[in-house]
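This structure is a prediction, so every number in the text was calculated from the model and none was measured.
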2 protein chains.
Amino acid sequence: MRSLETPSLRTAMTLVTEGLRTGELVTLFGCCRVEYDGRAASTLGSGNRHVLLKPDGTALVHTATGQQPVNWQPPGCTHTVAMDEGALVVTSERETPAEQLTIRFESLEHVGSFQVTDEPEGVSVVGTEADLSDHLLENPSLLESGFTPLATERETTAGAIDIYGTDSEGRTVVVELKRRRVGPDAVSQLRRYVDALHRELHTDAEIRGILVAPSVTGRATSLLEEHDLEFVALEPPSRDV
Amino acid sequence: MRSLETPSLRTAMTLVTEGLRTGELVTLFGCCRVEYDGRAASTLGSGNRHVLLKPDGTALVHTATGQQPVNWQPPGCTHTVAMDEGALVVTSERETPAEQLTIRFESLEHVGSFQVTDEPEGVSVVGTEADLSDHLLENPSLLESGFTPLATERETTAGAIDIYGTDSEGRTVVVELKRRRVGPDAVSQLRRYVDALHRELHTDAEIRGILVAPSVTGRATSLLEEHDLEFVALEPPSRDV
DNA sequence: GTTTCGATATCGACC
DNA sequence: GGTCGATGTCGAAAC
């Protein structure tokens with residue numbers, strides 16, 4: 001680990017170069033301009049920002065506000081650093097798609113380079129759609145009495161159905177799960193699966209489509225009624241509600 | 001600006017407390033465990049991570065890999081710092097929805113606090129869907145000869161139509177724009193708008209639905225044909241293609 | 001590689 | 001505050 005307060009740009013360049021070479025995580029804070037050109041294009045005028053360069057090729061530029069970086073480059077990019085016309089220029093670029101991020105520092109308040117230990121295990125998240133699926137498969141009556149799940153991720157030409165099964169009267173049931181409140185997009189998704197199943201099964205028999213989520217918006221409710229689809233309110237498990 | 005190498009946890013707490021109080025951007029690098037509980041729940045074992053606390057209440061926890069933070073808290077949260085059982089504990093929490101992020105440092109390699117100047121102007125991005133819309137409105141024949149735009153963001157019960165107009169034969173045209181390659185979701189969106197317009201106009205006359213994007217996936221192409229919708233290939237402008 | 005869909009999506013606009 | 005749709009969405013899994 002090495003860290004420098006108010007370094008000269010040239011000194012910082014040496015530290016950043018060495019940090020990138022040895023696979024460390026590099027941070028910079030200072031006054032810079034940023035330009036991006038690739039899938040879109042953007043420019044950002046001079047100001048103080050925090051820059052994070054990861055050993056996997058990720059680059060992030062953060063201002064004082066917002067969860068998202070104001071500019072970034074995804075993993076797999078190549079970081080380079082150089083002096084140009086008195087400025088410290090950090091570039092991060094990739095091909096496919098061709099895009100380039102250029103950060104031009106005119107002054108620096110801090111630069112650091114840090115060794116990151118391997119992650120022993122990743123983050124484990126509870127409360128996802130997969131958990132909701134498990135919960136429902138273990139307790140099919142949460143959907144309705146007599147529901148029998150037959151398959152998960154059942155493939156159709158329109159995509160994979162979350163849960164596929166039958167109801168107490170033997171009708172086919174298509175279940176689409178969402179871990180949070182749903183809008184029109186989820187209704188359309190469910191409808192595509194029901195339509196696809198009608199075609200594939202070559203049947204005139206009723207196929208029920210049921211959207212399972214904590215709640216539903218008004219416009220989505222209208223869409224559900226319009227297409228004879230149903231809604232069952234169900235929260236993801238393992239939440240301290 | 002203040003910056004400390006391998007600070008004691010207690011010294012770091014003082015610097016972080018002061019940085020949060022004065023509205024500075026605070027960074028920490030060290031060995032920590034992270035827990036989150038709220039919309040979902042997650043745990044992350046011990047390891048070296050980079051933590052960024054913004055004056056707007058954003059918290060970000062980054063590992064060596066990935067563009068996205070491994071844990072985070074959105075803007076508007078309240079950051080607090082305290083010592084607990086020999087560890088430096090940073091918490092970030094909010095209500096509505098109730099969620100809390102807890103970062104427990106057992107050691108620190110660096111802590112810093114930086115003043116961020118106001119952004120004189122934000123980032124300006126070129127190549128968005130709005131640019132594609134402007135481009136098409138200025139050159140309607142890019143869609144097809146004889147196309148006449150009548151409105152943008154025309155409201156329907158299903159949502160707003162990107163561009164609404166008529167073709168050379170006076171038929172109503174619904175245009176849905178996407179700045180990048182489209183999948184089935186965009187086709188469903190266009191279909192909802194065309195259906196809504198049929199109902200609202202109380203007409204049996206043909207309404208054409210045209211999806212405009214750089215390209216389209218196979219399954220989306222099938223969906224387009226299935227519902228008698230059309231596709232026109234068009235790139236967003238201002239890209240150096 | 002492409003395609004598809006989930007996400008603690010985030011973000012902005014509008015109501 | 002809720003709703004809706006865009007995003008340089010990101011990320012993973014299936015193919």
Side-chain angles (χ1 to χ4, degrees), chain A residues 36-42 58 65-75 94 96-101 122-123 125-133 153 155-156 158-162 176-186 189 192-193 215-221 236 239, chain B residues 36-42 58-60 65-77 94 96-101 122-123 125-133 153 155-156 158-162 176-186 189 192-193 215-221 236 239:
Chain A
Y36 162 77
D37 193 23
R39 286 171 288 174
S42 74
T58 299
T65 59
Q67 177 173 338
Q68 295 305 123
V70 65
N71 277 114
W72 69 93
Q73 206 67 309
R94 68 166 176 171
T96 65
E99 49 187 354
Q100 181 171 16
L101 181 69
V123 65
V125 181
V126 176
T128 63
E129 184 184 296
D131 295 315
L132 179 56
S133 179
E153 300 299 315
E155 282 297 334
T156 73
I161 295 169
D162 284 340
E176 175 62 27
L177 303 170
K178 296 294 173 187
R179 68 168 300 283
R180 66 173 193 173
R181 187 172 174 83
V182 290
D185 54 340
Q189 192 180 347
R192 291 202 301 269
Y193 297 154
S215 61
V216 59
T217 68
R219 201 172 268 175
T221 300
R239 280 187 56 190
Chain B
Y36 162 77
D37 192 25
R39 287 169 288 174
S42 74
T58 299
L60 302 171
T65 59
Q67 178 174 339
Q68 296 306 121
V70 65
N71 278 112
W72 69 93
Q73 204 70 307
C77 293
R94 68 165 175 172
T96 63
E99 51 187 353
Q100 181 171 18
L101 181 69
V123 65
V125 182
V126 176
T128 63
E129 185 184 295
D131 295 316
L132 179 55
S133 179
E153 300 299 316
E155 283 296 333
T156 74
I161 296 170
D162 284 340
E176 174 63 27
L177 303 171
K178 297 293 174 187
R179 66 170 301 283
R180 65 172 195 174
R181 186 171 174 85
V182 291
D185 54 340
Q189 193 181 346
R192 291 201 300 270
Y193 296 153
S215 59
V216 60
T217 68
R219 200 171 270 174
T221 300
R239 281 186 55 188

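- Nearest-nucleotide assignment on DNA chain C puts the 5′-proximal partner with A/T96, out of A/R192 and A/T96.
- Side-chain atoms of B/Q67 and base atoms of D/dG11 include no donor and acceptor less than 3.5 Å apart.
- Remark: A/Q189 is in phosphate contact with C/dG6, judged by side-chain N or O atoms under 4.0 Å from OP1 or OP2.
- Dashed line: the shortest gap from a side-chain N or O of A/S42 to OP1 or OP2 of D/dG8 is not under 4.0 Å.
- Of the listed nucleotides (C/dG6, D/dA6, D/dG8), C/dG6 has the atom at the smallest distance from the side chain of A/K178.
- Each of B/T128 and A/V216 has a nearest nucleotide on DNA chain D; the 5'-most of these lies closest to A/V216.
- If you check distances only, the side chain of A/N71 does reach the base of D/dG8 with a donor-acceptor pair under 3.5 Å.
- Between the side chain of A/R179 and the backbone N or O of B/R39, at least one donor-acceptor pair lies under 3.5 Å.
- Minimum interatomic distance between B/A186 and B/K178 (heavy atoms only, all atoms of both residues): CB-CE, 3.9 Å.
- Taking every side-chain heavy atom of A/R180 into account, C/dA9 is the closest of C/dA9, C/dG6, C/dT8.
- Here the nucleotide nearest the side chain of A/E129, chosen from C/dG6, D/dC4, C/dC5, is C/dG6.
- When the side-chain nitrogen and oxygen atoms of A/R219 are compared with OP1 and OP2 of D/dC4, one or more of them lie within a distance under 4.0 Å.
- Listed pair A/W72 / D/dT9 fails the phosphate criterion, with no side-chain N or O lying under 4.0 Å from OP1 or OP2.
- The nucleotide whose nearest atom lies closest to any side-chain atom of B/A40 is, among D/dG11, D/dA6, C/dT8, C/dT8.
- Distances shorter than 4.0 Å separate some side-chain N or O of A/R179 from OP1 or OP2 on C/dA9.
- Looking at which nucleotide of DNA chain C each of B/E99 and A/Y193 is closest to, the 5′-most match is held by A/Y193.
- Taking only side-chain nitrogens and oxygens, B/R39 never comes nearer than 4.0 Å to OP1 or OP2 of C/dA7.
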